Each structure stands twice: as structure tokens, then as C-alpha cells.
Amino acid sequence: MTDDRIYLAALERALKQRGLDEFRTAEVIREMADHVAESGDRPLEAFGEPEQYAAALLGADQPEGEADRRYEARTSRATAADEMEILAELGRDGWELTGVRDFGLHARRPRGSQPPEAWRYARRSGIRRVPLLAEMQAEGWTPCGRWLTFHYFKRPDADTPQPHIR
Amino acid sequence: MLDLCVLATLDERERHGYAIASRLDEAGLARVKGGTLYPLLARLQAAGLVDARWEPGEHGPSRKYYALTDGGRTVLREQGLAWVGFARATQKLIDPGGSP
């Protein structure tokens, strides 16, 4: 087996371990083989360690073991067209946005029987981050993620009635 | 702003992954590694900005092509303009004479 084949086999294993189905795994391998054949790159140099590449490709979050046990976590998929709607619903249900990565909305909510605090979200668009942050922070908003020139902010909404837990 | 640059290469035409990397290289940007490019393409696809399809190869196995969606085109136009404005302002400040 050549080094490249060993690499591809390791990547295949890593992708499957992360729950990617057979079909999609084969596509990833085929696309990488295509790239390597045309560029002349070695997979390890061009794509890094198989484990890390699999994690990057599947947008993996931090390892489970490092998650804060006081909170439950969820990731919602969104697009530039619907993310504010999704955030409004998450906020009503007590989900606090902890990060935005390419429209994966990462949120957490305290565990326990207490109804969680509701959150409000805002999005601003701009290149000049510093004045924008200052302006929003003056109004009590905390930055909680960015993507391209979109900046997302959160604020606990104490005025919102107790959220309805589904 | 690699995301925007990748979207821009796809505004010209649909391309496969290596062709995107080559176009960025040719445009004078650093050579983007596969380990950076494909996760980025996957994220753009998940965000609905890019679509992908497999095309049977002429001489070999099939190949994955990426194309801009309408959403991707809108984001490229809006965000691209913001960046161009920012780049112009920066250039004016750093190089007021506008050397060629």
C-alpha cells in the first residue's frame, strides 16, 4: 500500500467514525483523489492529518469531553436568508448563542428544571468592527459571532414572558 | 476573506475544487491548500451559497463541480461591494498618490 492509499484509508475511517454515511464518504475520498492527482500534492501535506481534516470537513465542534456539563448544547443549520428567524425562536426557548460558524448556529441552554432565561438577537453588517461593537455594547448587546461582514449580538431579554419549553 | 474570493471564482463559471485553487493562485492570492479549501466549500454549500454536482469525467472518474446559487450571488454582490469599498479606503490612506 502506498502512503497515499494509507492516508485515504485512514481518512475513510475517520469520516465514518464521525457518522458520515458510506455514500458521502466515498464522495469525499473521490474528490480528494481527484485533487491529489491533478495537483501532484501529497495528501498529508495538502490536507493535514486525516482526523483533523475529517473534523474540519464535517464542521465538528469541540470534543464532547470538554463540553460544559451545566449546559445542553445544540447546533442549528441556517442560511443568510433565515438565520434571524431561527435565532428569534432559539432565543425565545432560552437558547444562548455561543458562536456562529458559517451559518451553523451554536447555542447552549442551562440544564435543570428552571425555565431558562430568554435571549434576543441582533445582526449588524459592516466592515468596521470596532465602532460597531462599541455602539452595540453601549446598548447592552454582547457580540456572539460573525460571518463575513455580518456580526451577531445577544442580550438577555428580561422583559420577555417565561419561555414555553417544548 | 477567502470565502468571498472563492465565491468570486465561481461567479465566473462553475469549477471543480482544484480549478478554484488554481484560479486563486493565478489571481495572485496564496496557494490555498486542500485542507482549507474543501471544508470551506462544504460550509458554503451548507449555507446555501454554493451548489455541487458530479460530472462524468472524459478520461477518468467523475468529478465534483461547484456553482454559485442565487443566494451566493447575492452575498457576493453585497459583501463584495463592502470589501471593495474598504480596500479602496485602505489604499487611499496607505498610498494616497495611487502608485500604479
Side-chain angles (χ1 to χ4, degrees), chain A residues 7 11 15 20 23-24 26-60 75-83 86 100-105 124-129 132 146-151, chain B residues 1-7 15-22 25 31-50 52-55 57 59-66 69-76 78-90:
Chain A
Y7 182 95
L11 177 64
L15 290 168
L20 197 65
F23 183 75
R24 279 281 297 126
E27 283 191 343
V28 170
I29 300 290
R30 193 159 11 133
E31 184 170 38
M32 175 181 277
D34 183 30
H35 183 101
V36 167
E38 194 165 2
S39 65
D41 290 341
R42 306 307 302 272
L44 185 60
E45 286 159 20
F47 292 85
E49 294 292 339
E51 262 299 320
Q52 282 169 6
Y53 181 61
L57 200 61
L58 302 184
T75 299
S76 310
R77 280 274 155 218
T79 70
D82 64 4
E83 95 283 26
I86 294 171
V100 177
R101 207 174 53 204
D102 308 292
F103 290 103
L105 306 173
R124 295 286 301 270
S125 181
I127 297 292
R128 297 191 303 151
R129 183 169 161 78
L132 206 145
R146 60 190 291 200
W147 189 72
L148 293 175
T149 57
F150 292 142
H151 303 269
Chain B
M1 281 295 107
L2 189 55
D3 307 45
L4 276 182
C5 295
V6 167
L7 292 179
R15 296 173 194 272
H16 61 278
Y18 182 66
I20 295 170
S22 303
D25 198 8
R31 172 102 192 266
V32 182
K33 289 192 171 192
T36 303
L37 179 64
Y38 292 96
L40 191 153
L41 284 168
R43 295 195 301 266
L44 291 175
Q45 199 180 344
L49 306 183
V50 157
R53 67 181 182 88
W54 286 88
E55 172 95 342
H59 307 292
S62 53
R63 177 171 259 188
K64 192 174 184 181
Y65 283 85
Y66 296 90
T69 61
D70 289 344
R73 211 158 276 125
T74 305
V75 165
L76 175 64
E78 288 172 2
Q79 310 273 323
L81 276 179
W83 268 97
V84 168
F86 178 68
R88 285 211 183 107
T90 311

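Here the structure is a predicted model, which is why all the values come from computation and not from measurement. Below, all heavy atoms of this structure are taken into account, side chains as well, without hydrogens, waters or symmetry copies. Letters A, B, ... are given to chains in the order of the sequence lines, protein chains preceding strands, and every chain is numbered from 1.
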### Query
Contact part of Q52(A) toward chain B, heavy-atom cut-off under 4.5 Å: side chain, backbone, both or neither?
neither
### Summary
Tightest non-hydrogen contact, residues G34(B) and Y53(A), listed as O-CE1, 4.0 Å
### Message
As an exercise, state the distance from CZ of F150(A) to CD of E78(B), rounded to the nearest 0.5 Å.
### Response
6.5 Å
### Task
Determine the option with the most heavy-atom pairs under 4.5 angstrom with chain A, choosing from S62(B), A21(B), A19(B).
S62(B)
### Where S39(A) and Y18(B) come nearest, the two heavy atoms and their spacing
CB-CE1, 3.1 Å
### Summary
The reported gap from NE2 in H35(A) to NZ in K64(B) (rounded to nearest 0.5 angstrom) is 14.0 Å
#### Entry: Part of S22(B) lying under 4.5 Å from any heavy atom of chain A
neither
### Message
Restricting to salt bridge (Lys or Arg N to Asp or Glu O under 4.0 Å), what partner residues turn up for R42(A), sequence neighbours left out?
### Response
D4(A)
### Message
Checking R73(B) now: which residues fulfil side chain to side chain contact (heavy atoms under 4.5 Å, CB included) with it, not counting sequence neighbours?
### Response
D11(B), L68(B), D70(B), R77(B)
### Query
Which pair of heavy atoms, one from P39(B) and one from A56(A), lies closest together, and at what distance?
CB-O, 3.7 Å
### Task
Enter the distance from W54(B):CH2 to E27(A):CD here, rounded to the nearest 0.5 Å.
5.5 Å
### Task
Sort out for me which of H16(B), M1(B), R63(B), R31(B) touches chain A most, counting heavy-atom pairs under 4.5 Å.
R63(B)
### Query
Any side-chain heavy-atom pair from Y38(B) and L57(A) closer than 4.5 angstrom?
yes
#### Entry: Region of A42(B) in contact with chain A, defined by heavy-atom distances below 4.5 Å
side chain
